[in-house]
Amino acid sequence: MKEITLTIERSDPAQERKPHRETYTITVNEGARVLDALEEVKRTHDPSLLFRACCRAGQCGSCAVRVNKNPVLACMEEASDQMLVEPLELPVIRDLATEIAPVLEKLARITESGEPRPLSKEEVEAIKPLRECIECLSCVSVCPALKVVDFAGPTAMRQEMRCALDPRDTTDRIPEAIERGLFACTTCHRCVEVCPKEIEIPGKAIEKLRERANQAGLTLPRHQEVAQLIEETGRSVEQTKTTFLEEVPEVIEPDGAVKMTVGFFTGCMFNGRVPKPALDAMDVLKRNGIRVIIPHEQVCCGSPLIRTGQTKILPDLKQKNIGAFASRGIEIVMTMCAGCGSTLKNDYDTPFTVMDITEVLVKAGIEAPAKLPVKATYHDPCHLLRGQGLREPPRIILEQVVEEHIPMPAQCCGAGGGVRSGQPEEAAALGKLRGEAIAETGADIVVTICPFCEFHIQEQTDKPVKNLATLLLEGYRKKDQEKSGD
Ligand code: FES
């Protein structure tokens, strides 16, 4: 047995009682779950405490709550001392019980006609990845799009695709999914992060529904323009100045001994729109003994096409990109754009290893820069944090170069998933939330490592938004100046 102290957010909207926190000390068994702790509080302190639970085995989804801000199943999560238990971020009935009926009632149901027939083994297999949902609504409670637009939410989209995959279903799910917000999803993967069943809703439902929308001629016009640009130029952004590839040689040799050789996949934004951070990165790599090979025939990775369901020319792009690096015998391909990195890692089958620049720098080990006299906060690009599982490498580098790092909770900025081009008002609303979160930190600058986030966030904050590579180079320049006595 052990004694633990926990705090629970209590409220009763019917009595207009504002949420307040109450702290309890209880005794529970070793390995007790959050649900056991709640039951003990109810038994020993307050029989009126309201929460839901049914199966106690992670199968019904009814016990979902937040523990220390993260959605979890109370029956599966181990209770810990000093934990904070709150309801999911949904309308609250009382205490930890939230309104789930309005969402569940709107989930699509199969519409059958004629004789019922069993599904074949293949049909069951196709539906399986989307059928595991236990309707806990953790995904709905964290979805950033739902905070700013009318969107049925992740699990509703999952259910639309589940029905669309069912040959017995007689409803055309595509117009329905579009009407319910199919193009509102930024593919940030926050829903996957909190799903107890790890259902890959963006990839297995949203992008697949968008593919079907494309086949039905229902792709958003702005997304079609991007696809046309890629088809005509191999690039997803218009070139506004000399491109990165036009400015650099194919091989950049490092100063001193070669510690590592990487191929550089530039991505469309760094190539055509914001080449400076990529040029800064080349100087950083040079200084740290990393040889960079840059095949000039590389093209768009295809991420804007995959996210918006326009996959017709994708095989061609993949073949060109893989060929560009594989033909040179490159074993490690480095990306600097989070979206490109996530695409190469998750949507390609490559004969080489793909690494983000922050992974490369941490693996190779970097020369210590001078500390810059700034307070910085870091914005996690969704396609780096969740798409590539990279939380620590950028922080390890950042903390070497700034005097103070002020943490900021990760949240999508609204630039991804085709939302910035297709739903600009939603993208701006999400960007505004990021701007507010940045202001709350009190930081002097915002640092990130994705060109889309950098570009988008800069429109919503008066603080300078800097790429981590640029910041690191500034740290080296300061070091050199200090050394030369300037
Ligand atoms: Fe059923 Fe927790 S009580 S999932």
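Since the model is a prediction, treat every value here as computed from it, not as a measurement. For reference, positions follow the sequence shown, starting with 1. Remember, it's 1-based here, ligands and their atoms both numbered in the order they're listed.
A salt bridge does not link Arg131 to Asp166: none of the charged side-chain nitrogens sits closer than 4.0 Å to a carboxylate oxygen. The pair Glu392-Arg395 does not count as a salt bridge, with every side-chain nitrogen at least 4.0 angstrom from each carboxylate oxygen.
In this structure, Arg420 fails the cation-pi test against Phe452, since its NZ or CZ atom is not both closer than 6.0 Å to the six-membered ring centre and inside 45 degrees of the ring normal.
Residue-ligand proximity, Arg56 to ligand 1, at heavy-atom distances under 4.0 Å covers atoms 1 (Fe), 3 (S). Below 4.0 Å from some heavy atom of Cys55 lie the following atoms of ligand 1, by number and element: 1 (Fe), 3 (S), 4 (S). Atom numbering of ligand 1 starts at 1 in the shown order; those under 4.0 Å from a heavy atom of Gln59 are 4 (S). With ligand atoms numbered from 1 in the order given, ligand 1 contributes 2 (Fe), 3 (S), 4 (S) to contacts under 4.0 Å with heavy atoms of Cys63. Contact atoms of ligand 1 toward Gly58: 4 (S) (distance under 4.0 Å to a heavy atom of the residue). Taking every heavy atom of Cys75 and a limit of under 4.0 angstrom, the matching atoms of ligand 1 come to 2 (Fe), 3 (S), 4 (S).
Residue contacts to atom 2 (Fe) of ligand 1: Cys54 brings no N, O or S atom closer than 2.8 Å. Not a single N/O/S atom of Cys60, whether from backbone or side chain, sits less than 2.8 Å from atom 2 (Fe) of ligand 1.
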Determine, step by step, whether Cys188 and Arg386 satisfy the side chain to side chain contact (heavy atoms under 4.5 Å, CB included) criterion, reporting the C-alpha distance in whole Å, the side-chain angles of both residues, the deciding distance to 0.1 Å, and the verdict.
-> CA-CA 8 Å; Cys188 73; Arg386 301 185 199 99; 4.0 Å; yes
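Nearest non-hydrogen protein atom to atom 4 (S) of ligand 1 is Gly61 N, 3.1 Å.
With a 4.5 Å cut-off on side-chain heavy atoms, Phe270 and Asn467 count as touching.
The only member of Thr219, Thr308, Thr311 that meets side chain to side chain donor-acceptor pair (under 3.5 Å) when paired with Asn214 is Thr219.
In Met76, neither the side chain nor the backbone holds a heavy atom less than 4.0 Å from any atom of ligand 1.
More than 12 heavy atoms of other shown residues, nucleotides or ligands fall within 6.0 angstrom of atom NZ in Lys147.
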